[in-house]
Undergrad: 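Below is the structure I would like to discuss, written out as structure tokens.
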Amino acid sequence: MSLTTPVATTGRITLGLLAAVGRVAMFAASTVANLFRPPFYWREFLSSLIQIGYFSLPVVGMTAFFTGGALALQIYSGGARFNAESVVPSIVAIGMTRELGPVLGGLMVAARVASSIAAEIGTMKVTEQIDALVTLSTSPMKYLTVPRVLAATIAVPVLVGIGDAIGIMGGFIVGVNRLGFNEAAYLTNTYDYLQSWDVVSGMIKGAVFGFLVALAGCYYGMTSGRGAQGVGRATKAAVVAASVLILASNYLLTEMFFSS
Amino acid sequence: MIQLTQVQKAFGSNRVLQGVDLTVPTGESMVIIGGSGTGKSVLLKCILGLVTPDSGRIEIDGQDVAQTDRDAFLARFGMLFQGAALFDSLTVWQNVAFRLLRGAQKKPKAEAREIAIEKLRRVGLKPEVADLFPAELSGGMQKRVGLARAIAAEPEIIFFDEPTTGLDPIMAGVINELIREIVVEMGVTAMTITHDMTSVRAIADRVAMLYGGLIRWTGPVAEMDASGDPYVDQFIHGRAEGPIESVR
Ligand SMILES: Nc1ncnc2c1ncn2[C@@H]1O[C@H](COP(=O)(O)OP(=O)(O)OP(=O)(O)O)[C@@H](O)[C@H]1O
Ligand SMILES: [Mg+2]
């Protein structure tokens, strides 16, 4: 018996994990399906857009700024080993737009948005507000999930775009003031080597991350356990799931976009 | 008519409803009594479909609830939740008028607001509270806003889960009268859960007592005192001694 216990446990955990993946996938499919079925709650959508997009700007902007600056320093000192200091502007631009902008921006949004969505919906669940919605002939899926998921899917790519610009600016400021680059040369260098696909691919990543973040928040909120403890657990699970989903899907998207 | 046949519901090993049979005739006021945790709230949620029963049949006017169109079905209902369950992102009047502001019964905003304020008045709340948020109200006030929301769209069937708990005796009297009025004047079918025996006598046409997952006794309120059932007697007189165990 003791010999088979680990096997049984592994099996049980694997099955549990698969079941969870299945439930999340069904939830995602249902969200997308409901996107195209009326009614659409504009007011909820617009307020989510402001909550998720506008109010995430400072966090995402600051993350991008410091990342761009640090990236410039790193590339400069690393590049010095093979006399390639001049690549700083282009590497900063490509690194920010393709990878660091979307991933770090996505993770910051995950921390900020997945948690607050899960806590809000979870609290609504444990205080019977979700039940109340249903009795008032309003689908919680359409009223709560769809507006948030759509808002995040639209807002995060925009945040990523803005973050890209701020990150490149961070690199520029460090490059010009600390590393002795010529202002005009830095900018031409950035501009010449940056392709639109670098920016677009990062923004597509941002859309996927936004979708996943809001989905995780809504899913864990809706399935929250009872009481304050249940909401706490849901919030934690939402942030962890959103972060892991971002990193995993980032790898897959990068494979898809850039490994030809 | 609401008809429950052998409705069972368990949460894990906790067998809450073990075969409930109950009939509520149209236009009558049924009051459910029973100890704390016996499954009264769960019973109402089963009828509304918020909790899926493990087995049994629930019919409204002869139609199986599990097979009807959910939206049309719920449009006939109003529900006051035990914890009020107000939406804390919306103001008081928007909560009350929730159904009137969207969906099939949508009305112009000004008209919806007027109706909301009128319903608030009926539950003893001043127009000033209309623009406050639920978190700014006391527990008893929230309960009454929940009540106003339940009756706002003038549904045919209304469920009240402990409408008078947390209210002062005078306000409880007002609410009892309101519920009675709604049943008599508007011909509403009502199911009310309460622990307050004064409420029971003020509201009920019929009373049902839930005990041990079953309907222990049901009958007209006038026969409640002479039910001859020791469980009912103990409950309505609030005695510590009797067949219902009170763990101490
Ligand atoms: N969603 C749920 N998950 C697990 N158990 C539940 C759930 N809802 C209710 N229960 C359990 O069902 C039982 C009955 O609960 P219910 O809320 O119906 O009691 P009640 O009769 O309304 O009590 P009270 O008068 O105190 O409101 C309780 O033991 C409760 O723990
Ligand atoms: Mg209850």
Side-chain angles (χ1 to χ4, degrees), chain A residues 23 30 33-34 37-52 55 113 116-148 151 214 217-218 221-231, chain B residues 11-12 14 41-42 44-52 69-90 94-106 109 134-135 139 142-143 145-147 149-153 155 157-162:
Chain A
R23 276 194 301 270
S30 163
N34 273 293
R37 266 187 235 139
F40 183 77
Y41 295 100
W42 280 100
R43 185 182 292 271
E44 316 308 316
F45 169 70
L46 291 176
S47 90
S48 302
L49 208 55
I50 291 170
Q51 276 298 326
I52 297 170
F55 289 127
V113 172
S116 82
I117 292 180
E120 186 184 1
I121 296 184
T123 306
M124 290 184 75
K125 163 109 182 189
V126 302
T127 55
E128 299 183 320
Q129 290 178 51
I130 304 279
D131 284 346
L133 264 186
V134 174
T135 61
L136 292 164
S137 306
T138 304
S139 147
M141 191 70 179
K142 289 199 185 90
Y143 187 73
L144 298 171
T145 303
V146 166
R148 284 169 175 74
C218 291
M222 291 286 186
T223 54
S224 164
R226 309 180 85 194
Q229 212 177 20
V231 178
Chain B
F11 294 102
N14 180 9
S41 298
V42 169
L44 291 194
K45 287 184 185 172
C46 281
I47 300 174
L48 288 168
L50 298 172
V51 168
T52 317
D69 169 28
R70 194 98 194 276
D71 278 345
F73 167 75
L74 285 169
R76 302 170 58 192
F77 277 89
M79 164 91 184
L80 165 65
F81 286 86
Q82 192 167 353
L86 302 177
F87 305 122
D88 33 35
S89 59
L90 302 178
Q94 286 170 334
N95 263 281
V96 174
F98 193 89
R99 209 192 256 289
L100 307 173
L101 289 171
R102 61 209 93 215
Q105 300 179 47
K106 189 168 170 152
K109 205 167 160 185
Q142 291 182 6
K143 202 58 178 273
V145 175
L147 188 64
R149 184 174 70 183
I151 63 174
I157 306 166
I158 315 185
F159 292 170
F160 302 100
D161 197 341
E162 305 195 7

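To find a chain, count down the sequence lines: A is the first, B the second, and so on, and within it residues start at 1. Note that the coordinates shown come from a computational prediction; the quantities given were computed from them, not determined experimentally.
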Undergrad: Rounded at 0.5 Å granularity, tell me how far CZ in B/R102 sits from OH in A/Y143.
TA: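 So the CZ of B/R102 and the OH of A/Y143 are separated by 4.5 Å.
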Undergrad: Please look at B/F98 and chain A and tell me whether the side chain, the backbone, both or neither of the residue comes under 4.5 angstrom of a heavy atom of that chain.
TA: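 When you check distances to chain A, only side chain atoms of B/F98 fall under 4.5 Å.
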Undergrad: Identify which part of A/I130 has an atom lying under 4.5 Å from any heavy atom of chain B, answering side chain, backbone, both or neither.
TA: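 Interface part for A/I130: neither.
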Undergrad: Would you give the length of the straight line joining atom OG1 of A/T123 to atom CG of B/D88, rounded to the nearest 0.5 angstrom?
TA: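 Reported value, rounded in 0.5 Å steps: 8.0 Å.
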Undergrad: Mind checking whether A/M124 and B/F87 have side chains closer than 4.5 Å, heavy atoms only?
TA: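 In short, these two side chains touch, coming nearer than 4.5 Å.
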Undergrad: Using the rule given for side chain to side chain contact (heavy atoms under 4.5 Å, CB included), can you reason through B/R149 versus A/L136, listing the C-alpha separation, both sets of side-chain angles and the distance that settles it, and then say yes or no?
TA: CA-CA 9 Å; B/R149 184 174 70 183; A/L136 292 164; 3.8 Å; yes
Undergrad: Please indicate whether A/Q229 has more than 12 foreign heavy atoms, meaning atoms of other residues, nucleotides or ligands, lying under 6.0 Å from its CD.
TA: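 Incorrect, the count does not exceed 12.
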Undergrad: Would you give the length of the straight line joining atom CG of B/L74 to atom CG of A/L133, rounded to the nearest 0.5 angstrom?
TA: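 Rounded to the nearest 0.5 Å, the CG-CG separation comes to 11.5 Å.
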Undergrad: Given that the side chain runs from C-beta out, which part of A/S137 has a heavy atom under 4.5 Å from chain B: side chain, backbone, both or neither?
TA: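 Contact with chain B: backbone and side chain both.
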Undergrad: Please classify the contact between A/S139 and chain B as side chain, backbone, both or neither, with a heavy-atom cut-off of under 4.5 Å.
TA: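 Neither the backbone nor the side chain of A/S139 comes within 4.5 Å of chain B.
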Undergrad: Taking side chain as C-beta onward, heavy atoms only, is B/F159 less than 4.5 Å from A/T135?
TA: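 Heavy-atom side-chain distance check fails, nothing below 4.5 Å.
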Undergrad: Would you say that B/K45 contacts A/E128 through its side chain, given a criterion of any heavy-atom pair below 4.5 Å between the two side chains?
TA: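 Side-chain contact under 4.5 Å: yes.
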Undergrad: Can you tell which part of B/L86 gets under 4.5 Å to a heavy atom of chain A, answering side chain, backbone, both or neither?
TA: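 The backbone, not the side chain.
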Undergrad: Quick check: closest heavy atoms across A/A132 and B/A85, and the distance to 0.1 Å?
TA: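 The answer is CB-O, 3.8 Å.
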Undergrad: Under 4.5 Å from any heavy atom of chain A, what part of B/L90 do you find: side chain, backbone, both or neither?
TA: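 Only the side chain of B/L90 comes within 4.5 Å of chain A.
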